[in-house]
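Given the structure is predicted, the values throughout are model-derived calculations rather than measurements. Residues: numbered from 1 along the sequence shown.
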Amino acid sequence: MDSSTTLLLAAHGSRHPEGNDEIRRFAVEWRQRHPAWRIEVCFIEHADVLLAEGLQRAARGARRVLVIPLILNAAGHVKMELPAAMDAARTAHPEVSFHCARHLGMGREVFAVLQGQLAQLMKSLAMPDPQTTGVILLGRGSSDAGANGELAKLTRWLFEAHEHELVELAFTGVTWPRLETVVQRQVRLGMTQLCIVPVYLFNGVLIQRIKAQVERLQKQYPQIAFAAGSYFGFDQGIFDLLDARVAGRDLPSGALLECDGCKYRQAAEAEHLHDHSHTVTIASVHAHAHDVGQDDHQHAHI
């Protein structure tokens with residue numbers, strides 16, 4: 001890694017201070033693995049150092065900044081807010097070359113991490129029979145159908161790779177189905193044990209909410225054996241995946257994000273960028289983009 005390059009980890013950020021502290025500790029551990037690398041950290045929301053300041057810090061004394069989204073799914077934050085912040089940074093620092101690696105994604109590396117999580121949960125059960133043990137992948141949930149679809153892909157991969165009768169997907173918010181609904185369905189279909197695998201990188205408000213949900217479900221279904229996992233940010237596979245991103249493996253042509261340079265991204269920003277309620281709908285974004293670009297006779301790329 002060239003000494004004139006700064007690596008900027010861009011994390012989501014959490015209202016739970018412990019979650020942001022863990023991300024900072026993660027960065028410290030990654031620096032220890034690569035002491036010659038200059039690694040900075042920033043957050044998209046709910047933290048002290050946000051994107052704009054993080055990019056400014058990374059640009060100091062650097063000729064090149066490589067932003068690495070420490071995020072699993074490419075939803076609004078990755079598709080719109082991050083490219084917008086990088087555009088502003090390029091204008092403010094024309095002497096610095098800004099590039100962006102792919103977000104962590106839902107590929108084979110993360111799939112391997114999930115398989116390791118499931119294996120540990122199965123070992124914790126008194127009778128680890130996959131035919132009577134249902135699996136529930138529990139994601140954050142997004143108004144972006146593509147992001148939810150990526151998690152659905154991993155759900156199918158787990159089903160194909162194992163002998164579990166039921167492998168299903170649930171979400172903690174924004175979209176459906178929710179955890180309680182899927183648990184109820186699997187119990188009705190005869191599962192006597194349930195493995196709940198959260199697909200989260202670090203601790204936060206939602207991780208605490210999941211723990212409370214599982215405790216309530218255990219009381220509601222005392223005849224069912226529950227095994228619930230946790231976040232997996234410090235898993236070796238995540239560090240390996242970041243190393244691959246820095247090395248440029250799987251980097252898209254031109255180091256662009258999905259919506260970097262797309263005019264419909266700018267059209268949607270007015271509606272999405274300042275809304276962190278996570279309730280913006282896909283239909284509203286498409287409708288707004290269509291209104292702005294209807295005279296261009298092109299399809300929206302959002």
Residue pair [X] / [Y], side-chain donor-acceptor N/O under 3.5 Å:
{"X": "T172", "Y": "Y200", "result": "yes"}
{"X": "S97", "Y": "R64", "result": "no"}
{"X": "Q131", "Y": "E163", "result": "no"}

- Task: Test E109 against D240 for side-chain contact (heavy atoms from CB on, under 4.5 Å), laying out the working first.
- Result: CA-CA 8 Å; E109 301 90 347; D240 292 342; over 6 Å; no
Under a 3.5 Å distance rule, please check whether [X] uses its side chain to pair with a backbone N or O of [Y] as donor and acceptor.
{"X": "E22", "Y": "N203", "result": "yes"}
{"X": "T91", "Y": "D87", "result": "yes"}
{"X": "S14", "Y": "G204", "result": "no"}
{"X": "T133", "Y": "D129", "result": "yes"}
{"X": "N148", "Y": "S142", "result": "yes"}
{"X": "R31", "Y": "I39", "result": "yes"}
{"X": "R245", "Y": "R102", "result": "yes"}

- Transitive ILVMFWY cluster of M127, excluding itself - 4.5 Å side-chain cut-off: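 So far as hydrophobic clustering goes, M127 is joined with none.
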Looking only at non-hydrogen atoms, find the nearest pair between [X] and [Y] and report the distance.
{"X": "R24", "Y": "F43", "answer": "NH2-CE1, 3.9 Å"}
{"X": "C195", "Y": "M122", "answer": "SG-SD, 3.7 Å"}
{"X": "A126", "Y": "Q193", "answer": "N-OE1, 4.3 Å"}
{"X": "A59", "Y": "V96", "answer": "O-CG2, 3.9 Å"}
{"X": "C42", "Y": "G54", "answer": "CB-CA, 3.7 Å"}
{"X": "H164", "Y": "L118", "answer": "NE2-CD2, 4.0 Å"}

Test of understanding: clusters of I, L, V, M, F, W, Y form through side-chain heavy atoms closer than 4.5 Å, transitively. Do [X] and [Y] belong to the same one?
{"X": "I196", "Y": "L206", "answer": "yes"}
{"X": "F202", "Y": "F171", "answer": "yes"}
{"X": "M1", "Y": "L70", "answer": "yes"}
{"X": "L194", "Y": "V214", "answer": "yes"}
{"X": "M106", "Y": "I68", "answer": "yes"}

Is the shortest side-chain heavy-atom distance between [X] and [Y] below 4.5 Å?
{"X": "M86", "Y": "C100", "answer": "yes"}
{"X": "I44", "Y": "E81", "answer": "yes"}
{"X": "L8", "Y": "V41", "answer": "no"}
{"X": "L9", "Y": "L7", "answer": "no"}
{"X": "V174", "Y": "R140", "answer": "no"}
{"X": "V199", "Y": "L138", "answer": "no"}
{"X": "M191", "Y": "I224", "answer": "no"}
{"X": "Q184", "Y": "Q220", "answer": "no"}

Kindly compute the distance separating [atom1] ([X]) from [atom2] ([Y]), expressed to the nearest 0.5 Å.
{"X": "R90", "Y": "L55", "atom1": "CZ", "atom2": "CG", "value": "9.5 Å"}
{"X": "T175", "Y": "L169", "atom1": "OG1", "atom2": "CG", "value": "9.0 Å"}
{"X": "D21", "Y": "H16", "atom1": "CG", "atom2": "NE2", "value": "10.0 Å"}
{"X": "L151", "Y": "L72", "atom1": "CG", "atom2": "CG", "value": "9.0 Å"}
{"X": "L158", "Y": "L114", "atom1": "CG", "atom2": "CG", "value": "6.0 Å"}
{"X": "E40", "Y": "Q56", "atom1": "CD", "atom2": "CD", "value": "11.5 Å"}

- Item | Derivation and outcome, salt bridge (Lys or Arg N to Asp or Glu O under 4.0 Å), residues E29 and R25 | CA-CA 6 Å; E29 189 167 329; R25 292 199 298 273; over 6 Å; no
- Task: Start with the C-alpha gap between L137 and E168, add the side-chain angles, then the distance that decides, and say whether side-chain contact (heavy atoms from CB on, under 4.5 Å) holds.
- Result: CA-CA 6 Å; L137 262 62; E168 296 188 85; over 6 Å; no
- Parallel under 30°, tilted from 30 to 60°, perpendicular over 60°: which one fits the rings of H34 and W37?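 It falls in the parallel class, under 30°.
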- Any idea how F226 and Y221 line up, ring-wise: parallel (<30°), tilted (30 to 60°), or perpendicular (>60°)?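 If you compare the ring of F226 with that of Y221, the planes turn out tilted.
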- Task: Among V183, V197, L166, find the one that has a side-chain contact (heavy atoms from CB on, under 4.5 Å) with I136.
- Result: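 When side-chain contact (heavy atoms from CB on, under 4.5 Å) is applied between I136 and each of V183, V197, L166, only V183 qualifies.
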- R33 to F239, cation-pi by 6.0 Å centre distance and 45° axis angle: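 Judged by the rule, R33 and F239 form a cation-pi pair.
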- Query: Stepwise, does the side-chain contact (heavy atoms from CB on, under 4.5 Å) test hold for S3 with R38?
  - Reply: CA-CA 7 Å; S3 60; R38 179 185 173 188; over 6 Å; no
- Message: Are F26 and F234 an aromatic pair, judged by ring center distance below 6.0 Å?
- Response: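 So the answer is yes for these two rings.
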- Residues in ring-ring contact (aromatic ring centres under 6.0 Å, His included) with W157, at least two apart?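 Partners of W157 under the ring-ring contact (aromatic ring centres under 6.0 Å, His included) test: F111.
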- Should the pair R63-E95 be classified as a salt bridge under the 4.0 Å nitrogen-to-oxygen rule?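 Salt bridge: no.
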- Pairing of K211 and E215 as salt bridge, 4.0 angstrom limit: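 Salt bridge between K211 and E215, a charged N being under 4.0 Å from a carboxylate O: no.
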